[in-house]
Amino acid sequence: MSGSPVWHPFTQHGLQEPIPCVERAEGARLFTRDGRAIVDGISSWWVTTHGHNHPRIVAAIREQAGLLDQIIFAGWTHEPADTLARALVETMPAPLTRVFFSDSGSTSVEVAVKMALGYWAARGEPRHRIVVMEHGYHGDTVGAMSMGARGVFNRTYAPLLFDVGQIPFPAEGREQATLDALERHCAGADVAALVVEPLALGAGGMLFYAPWVLAEIRAVCARHGVLFVADEVMTGWGRTGTLLACEQAGVVPDLLCLSKGLTGGSLPLAVTMATDALFDAHYDSDRARMFFHSSSYTANPIACAAANANLAIWRDEPVSDRIAALGARQAAHLRTLARLPGVHDARRLGTIVAMEVAGEGGYLSSRAPRMAAAFREAGVLLRPLGDTIYVMPPYCIGDGDLASIYEAIAEAVAG
Ligand code: PLP
């Protein structure tokens with residue numbers, strides 16, 4: 001749309017790259033205004049789980065929009081939020097008994113950190129240091145940026161970012177260094193919480209680590225009483241093969257951040273789930289000790305209705321079977337692709353596939369936008385992270401569409 005005043009995210013407008021206009025979507029396909037069908041190979045930034053415009057989610061949104069569009073959530077409530085909170089408590093691990101709503105993955109993490117500090121303050125033991133993992137990503141608000149990898153994305157804002165402790169990424173064979181570093185950080189009396197993406201670091205390059213390491217990490221936190229915050233904004237809702245990535249390690253966090261697939265990817269909504277201990281620390285007759293956080297659209301009823309439909313789909317449909325089957329189908333394609341010259345470190349976790357292609361390195365590698373353009377031409381939406389190509393399709397993707405993604409990758413690699 002030439003001449004549009006829209007300022008797009010993570011877009012250098014000065015490069016004048018084309019920005020296609022999408023008019024409608026169905027399943028794993030997007031349809032552009034100029035009449036093209038595009039296969040959505042990244043679930044529209046990792047949000048679309050069951051497919052675009054799932055009929056049950058669309059119906060729930062329509063119905064709720066005709067009843068109650070929005071209501072202040074401080075001091076007021078509504079049925080979709082109550083139903084959703086109960087269903088989440090039922091679905092997620094037992095110690096997570098409290099549900100706090102917000103609007104995005106970033107805010108769900110900010111909320112978790114504020115809850116953690118509130119917990120320690122209420123105990124009269126004010127701890128404020130946050131420990132994070134190397135290459136992590138938790139969002140683009142100032143607090144979330146502070147906890148993510150430092151680099152070109154946030155260099156300009158560095159003076160605003162708070163200081164955090166960091167543990168190295170537990171690459172295979174170097175796991176002990178991660179655990180030792182965590183042990184050292186936790187031995188200090190000031191660590192409030194560890195914030196991590198369980199098993200898969202998304203924006204940091206689709207880096208995977210082993211469940212046993214996550215279990216050890218959780219154990220170190222527990223030993224030192226450090227709160228363990230699982231940012232499952234990307235990994236949640238089946239991406240890594242199980243509903244939560246934490247499941248594979250047999251761990252339960254003190255605070256759990258969910259967004260993206262919470263509404264099946266249809267509307268913005270997030271939750272931070274907490275244990276009784278976190279809630280009780282803020283429970284008092286003193287108003288000064290309440291949890292001070294809100295935003296205008298907290299628990300928007302239409303978004304909650306969409307999330308309720310998502311949970312109903314998980315309950316009624318064979319979602320886990322679809323996920324397992326998609327994993328196996330991806331694995332077959334990956335085996336072929338991994339043999340191509342120029343493809344390195346081909347890897348898969350559940351429904352997520354990633355590989356490195358020989359290049360100049362770094363997020364700003366000029367090859368990434370060239371590849372993205374080639375994918376667009378081939379009718380596929382993929383958005384490499386620097387020299388890392390990854391595939392994370394909706395679970396409903398058909399065989400032909402999945403094959404077209406891998407054909408496009410093979411061509412791009414050859415080119
Ligand atoms: N945490 C993780 C692990 C993410 O992958 C993302 C986004 O990709 C976020 C937080 C931030 O979510 P949002 O973009 O909805 O603010």
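Whatever order the structure lists them in is the order used to number ligands and atoms, beginning at 1.
- A distance-only check finds a donor-acceptor pair linking the side chain of H78 to the backbone of A81 [under 3.5 Å].
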Is there any protein N/O under 3.5 Å from an N/O of ligand 1, and what does the full list of such pairs look like?
residue: ligand 1; atom: 1 (N); partner: D231; partner atom: OD1; Å: 3.2
residue: ligand 1; atom: 1 (N); partner: D231; partner atom: OD2; Å: 2.6
residue: ligand 1; atom: 8 (O); partner: K260; partner atom: NZ; Å: 3.0
residue: ligand 1; atom: 12 (O); partner: S106; partner atom: N; Å: 3.4
residue: ligand 1; atom: 15 (O); partner: G105; partner atom: N; Å: 2.9
residue: ligand 1; atom: 16 (O); partner: G105; partner atom: N; Å: 3.4
residue: ligand 1; atom: 16 (O); partner: S106; partner atom: N; Å: 2.9
residue: ligand 1; atom: 16 (O); partner: S106; partner atom: OG; Å: 2.5

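- One N or O on the side chain of E110 and one on the backbone of G143 form a donor-acceptor pair closer than 3.5 Å.
- Using the six-membered ring where Trp is involved, H282 and F291 have ring planes that are perpendicular, over 60° apart on the 30 and 60° scheme.
- Note that R322 lies outside the cation-pi zone of Y395, set by a 6.0 Å cut-off to the ring centre and a 45° limit from the axis.
- Salt bridge present: R127 and E125 bring a charged side-chain N and a carboxylate O closer than 4.0 Å.
- A distance of 6.0 Å or more separates the ring centres of F162 and H128.
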